[in-house]
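Written below as structure tokens is the structure these notes are about.
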2 protein chains.
Amino acid sequence: MNDHSYIEATPTVLKTKRPDTRNEVRREALRLFAERGYAAVSMRDIGEAVGVRQGAIYNHFASKQDLLADLMTGHMETLIEALDEALDGLDGPVARLAAFVRFHVGYHIDKPDDVFIAYMELRSLEPDHRQRVHALRNRYEAVLRGILTDGATQGAFRIPDIAVQTRAIIAMMTGVTVWYREGGRLGRRETIEGYVQMTMQSVGINDPAGGDK
Amino acid sequence: MNDHSYIEATPTVLKTKRPDTRNEVRREALRLFAERGYAAVSMRDIGEAVGVRQGAIYNHFASKQDLLADLMTGHMETLIEALDEALDGLDGPVARLAAFVRFHVGYHIDKPDDVFIAYMELRSLEPDHRQRVHALRNRYEAVLRGILTDGATQGAFRIPDIAVQTRAIIAMMTGVTVWYREGGRLGRRETIEGYVQMTMQSVGINDPAGGDK
DNA sequence: TCAATATATGAATGGTCGTTCATTCATGAC
DNA sequence: GTCATGAATGAACGACCATTCATATATTGA
């Protein structure tokens, strides 16, 4: 349930070799794009990281642009699907908001490169692909906006402006990728619960329990 | 006081012509880097935007890398200086936190390209320059961390983890650049006060006045 | 076993990149 | 009027870019 990924893991022992170049390209391109930016990474760089010549990449992706679009739409679809799963069956704005935060922060801790690229490289996408990714992002935001609207309507939340607070909460949570490191001072669970409390307080809830854990 | 800028404005009528190419290059490079990213902008692009051939840029900046470093350090120094000014004479964590938010959000509304580049293009800087900019950013963050520490010590704030909350607040506020547009639904002042309230609530303060305005 | 298919190579394509440089031009000081 | 200075030009440089392609090699299904 915690293992959302559109890039299949390469089996370590299974069935002997057969290198899955397509997914290796995805993995290395993702890493390099996140590290240096789309424009600063060449097909040679990707090929070198994978262990093939640049020409071989074109057996799996039509172009560099196509590769980027594959990564971004793949990520966004996986993200939204996983969100639906995480909120499934939950009722009430307080519980749903806490679940949203736990999901979002957890996902961003686990897949920082994916989310960074989806945010940063929108500008590198050609219009068609960009519009598609943009629509997916709006769908994601709309879920949080819906939760905040419910909570504000019911009087559970104290919110100056729902649209602004939606983006403020997302920006706050997404920022976890800037500093979180595995093995750092704060563990995954502590970090997530910290964001839950901050978010709850930001909508005016000071319950020490921070919603139901 | 609201007009912090390390890129001198080109006078519109004063003293007749004499085009200040150096500052025109700064201005256009800043715009283009923010729009497309450092790696995706060529010296030819910048020259064209300014109205000179690419070679002329080298009369004013030693290299493309030097131009980026000039923009980033120029911005960071102006930012820190302006922050010091904004907090000058203010006492108490509540008042200082409100002033910090007003300053940060206001600055980010006014100079979105500067702050976006300073955040995004750190990776495009060679080690020396990067370290320098990084140190300036830490100094900036340290001011907010100090305010939160004071407030937590005095019992005015309710904060799960000061280091995390420092970054969470900065990320939340910085996100204003993603959506704010002049002439949009929310004006500059409303936007700023919205962030003040959200920030105050995020540290556990629910005073409807949102600190002293 | 053999043909079909998928994948990799290495060289080449035309373009664009950052940077350099000899030269020209305009300005202002003396 | 002369000259030094700062700034712009246009052409050139070697390097690297994304992409293509003929060819070679491996894997698969029948």
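Protein chains get the first letters and strands the later ones, always in sequence-line order, with residue 1 at the start of each. The figures that follow rest on heavy atoms only: side chains count, while hydrogens, waters and symmetry mates do not.
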- Decide, yes or no, whether a salt bridge links B:R96 with B:D150 under the criterion of side-chain N to carboxylate O below 4.0 Å. no

Under 3.5 Å, side-chain donor or acceptor atoms of residues 34-43 of chain A against the rest of the protein: list the pairs with distances, not counting sequence neighbours.
residue : atom : partner : partner atom : Å
A:R36   : NH1  : A:D45   : OD2          : 3.4
A:Y38   : OH   : A:Q65   : N            : 3.2
A:S42   : OG   : A:R44   : N            : 3.4
A:S42   : OG   : A:D45   : N            : 3.1
A:S42   : OG   : A:D45   : OD1          : 3.4
A:S42   : OG   : A:D45   : OD2          : 3.2

- For A:A39 and for B:Q54, locate the closest nucleotide of DNA chain D by heavy-atom distance; then report the residue assigned to the nucleotide nearer the 5' terminus. B:Q54

- Task: Using a strict 4.0 Å threshold on nitrogen-to-oxygen distance, state whether A:R132 and A:E77 make a salt bridge.
- Result: yes

- Rounded to whole angstroms, how far apart are CD on B:E24 and P on D:dA8? 11 Å

- Would you call B:R26 and B:D70 a salt bridge, taking side-chain N to carboxylate O under 4.0 Å as the test? yes

- Query: Between B:E193 and B:Q197, is any side-chain donor less than 3.5 angstrom from a side-chain acceptor?
  - Reply: no

- Note on the structure: Here the distance between atom C1' of D:dT27 and atom CZ of A:R22, to the nearest Å, is 15 Å

- Query: Can you tell me how far C1' of C:dA8 sits from CD1 of A:I46, to the nearest Å?
  - Reply: 17 Å

- Query: Rounded to whole angstroms, how far apart are CE on B:M43 and P on D:dA8?
  - Reply: 13 Å

- Query: CZ of B:R36 versus P of C:dT16: gap in Å, rounded?
  - Reply: 14 Å

- For A:Y107 and A:D114, does a side-chain donor sit closer than 3.5 Å to a side-chain acceptor? no

- Which nucleotide, C:dA12, C:dT19, D:dT9, lies nearest any side-chain atom of B:R44? C:dT19

- Message: Using OP1 and OP2 only, check whether a side-chain N or O of A:T21 sits under 4.0 Å from C:dT7.
- Response: no

- Query: Which is true for A:V41 with a 4.0 Å heavy-atom rule: it touches a base, it touches only sugar-phosphate, or it touches nothing?
  - Reply: sugar-phosphate

- Message: Just N and O in the side chain of B:R53: are any of them under 4.0 Å from OP1 or OP2 of D:dG10?
- Response: yes

- Task: For DNA chain D, find the residues of residues 55-73 of chain B with a heavy-atom distance under 4.0 Å and give them by number; none if there aren't any.
- Result: B:G55, B:A56, B:N59, B:H60

